[in-house]
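First the proteins, then the strands, lettered A, B, ... as listed; each starts at 1.
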Number of protein chains: 2
Amino acid sequence: MSLSETLSALSDKNRRHILDTLKKGEMPVSLIAKDMDITLPTLSHHLDILKRNKLISSRREGQQIIYSLNLSVVEEAAESIMKFLKK
Amino acid sequence: MSLSETLSALSDKNRRHILDTLKKGEMPVSLIAKDMDITLPTLSHHLDILKRNKLISSRREGQQIIYSLNLSVVEEAAESIMKFLKK
DNA sequence: TAGATAGTTAGATGTATATCTAAATAATAT
DNA sequence: ATATTATTTAGATATACATCTAACTATCTA
């Protein structure tokens, strides 16, 4: 993923909220949705964007789809951003 | 400026190019425009966005308008982003 | 004061994106 | 098989944004 796309992904407050939530550990969509004031389709859309940017991963477990943070990718993104801002 | 707005400002490649260019020192628009493949109005638009986010400043000097990087604000932005990504 | 130079502002256009409702898919339970 | 639960996909809408050309403003110079 390009830096532009990563920064764009991070620029949305709802998506940052999702990442924050997933820092507590992997969890299904229904749990992520708790205390987010958006519909499930909208949440699904944001999850898709984060996934396309590799910031999160998902796996199915029964009826649920469990999302988890890709910590290493987030770290790499942080590196890239720092590298740009501080260089 | 909010983190969302700052990240959004940074998510555009042309705007990052402008910031990169201004790291070399303050300069007029005409110089920033060198080796950027966009029209002056488009450049002006990007400068305006960076300015609204306080990442750069400008002053008039005769016919020219000199832009300069607000290093402290860029540093603060870096801090905010790190604070979010690493927390 | 007229013309040239440096940039911005106005207005139009096309594309991207955040959001919603409704419909579809997948897995489980009855 | 049917209904229920969990989530995604489709389709519509409204807003934001990057870009351009044309017109404007400000400054300097002849």
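In this structure, B/Ile65 places its CD1 atom 10 Å from C1' of D/dT25, rounding to the nearest Å. A straight line from CD1 of B/Ile38 to P of D/dC17 spans 17 Å, rounded to a whole angstrom. What separates CZ of B/Arg52 from P of C/dT8 is a distance of 13 Å, to the nearest Å. Distance, B/Lys34 NZ to C/dA6 P: 9 Å, rounded to whole Å. In this structure, B/Leu31 atom CG and C/dT5 atom C1' are separated by 15 Å, rounded to whole Å. Atom C1' of nucleotide D/dT27 and atom CD1 of B/Ile66 are separated by 13 Å, given to the nearest angstrom.
Side-chain atoms of A/Ser11 do not come within 3.5 Å of backbone N or O of B/Ser4 as any donor-acceptor pair.
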Evaluation steps, side-chain contact (heavy atoms from CB on, under 4.5 Å), between B/Leu50 and B/Leu22: CA-CA 12 Å; B/Leu50 291 171; B/Leu22 289 177; over 6 Å; no
Worked check of side-chain contact (heavy atoms from CB on, under 4.5 Å) between B/Asp35 and B/His17: CA-CA 10 Å; B/Asp35 72 56; B/His17 187 283; 3.3 Å; yes
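Pairs passing the salt bridge (Lys or Arg N to Asp or Glu O under 4.0 Å) check and including a residue from residues 5-17 of chain A, sequence neighbours excluded, do not occur.
Shown here are the salt bridge (Lys or Arg N to Asp or Glu O under 4.0 Å) partners of B/Lys51, two or more places apart in sequence or in another chain: there are none. Remark: B/Glu76 engages no residue in a salt bridge (Lys or Arg N to Asp or Glu O under 4.0 Å) (not counting sequence neighbours). The side chain to side chain contact (heavy atoms under 4.5 Å, CB included) search around B/Ile38 returns B/Asn14, B/Met36, B/Thr42, B/Leu43, B/His46, not counting sequence neighbours. Qualifying side chain to side chain contact (heavy atoms under 4.5 Å, CB included) partners for A/Ser44, counting only residues two or more places apart in sequence or in other chains: none. Remark: B/Ile66 pairs with B/Glu26, B/Pro28, B/Arg59, B/Glu61, B/Gln64 by the side chain to side chain contact (heavy atoms under 4.5 Å, CB included) rule, at least two apart or across chains. Listed by chain and number, the residues in a side-chain hydrogen bond (donor to acceptor under 3.5 Å, both in side chains) with A/Ser30 amount to none (sequence neighbours excluded). With sequence neighbours left out, the side chain to side chain contact (heavy atoms under 4.5 Å, CB included) criterion links B/Arg52 to B/Asp48, B/Ile49.
For the segment residues 5-30 of chain A, the set of residues with a heavy atom within less than 4.0 Å of an atom of DNA chain C comprises A/Asp12, A/Asn14, A/Arg15, in numerical order.
Between A/Leu10 and A/Leu19, some side-chain heavy-atom pair lies under the 4.5 Å cut-off. With contacts defined as side-chain heavy-atom distances shorter than 4.5 Å, the pair B/Leu55/B/Asn70 does not qualify. By the 4.5 Å heavy-atom criterion applied to side chains, A/Leu47 and A/Ile32 are counted as neighbours.
Where B/Leu47 and A/Leu43 meet DNA chain C, the nucleotide closest to each residue was compared, and B/Leu47 sits on the side nearer the 5' end.
Residue contacts for B/Ile49: at a heavy-atom cut-off of 4.0 Å it reaches the sugar-phosphate backbone alone, with no base atom in range. Base contact: A/His45 has a heavy atom under 4.0 Å from a base atom.
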Atom pairs under 3.5 Å: protein N/O with N/O of nucleotides 12-14 of chain D:
none

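Dashed line: the shortest gap from a side-chain N or O of A/Tyr67 to OP1 or OP2 of D/dT8 is under 4.0 Å. Neither OP1 nor OP2 of D/dC17 sits under 4.0 Å from any side-chain N or O of B/His46.
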Footprint string (nucleotides 21-28 of chain C, 5' to 3'): B base within contact, S backbone only, - free, heavy atoms under 4.0 Å: BB---SBS
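Pairing analysis of DNA chain C (Watson-Crick: purine N1 to pyrimidine N3 plus N6-O4 or O6-N4; G-U wobble: N1-O2 and O6-N3; both under 3.5 Å) yields stems of 3 or more pairs at C:1-30 with D:1-30.
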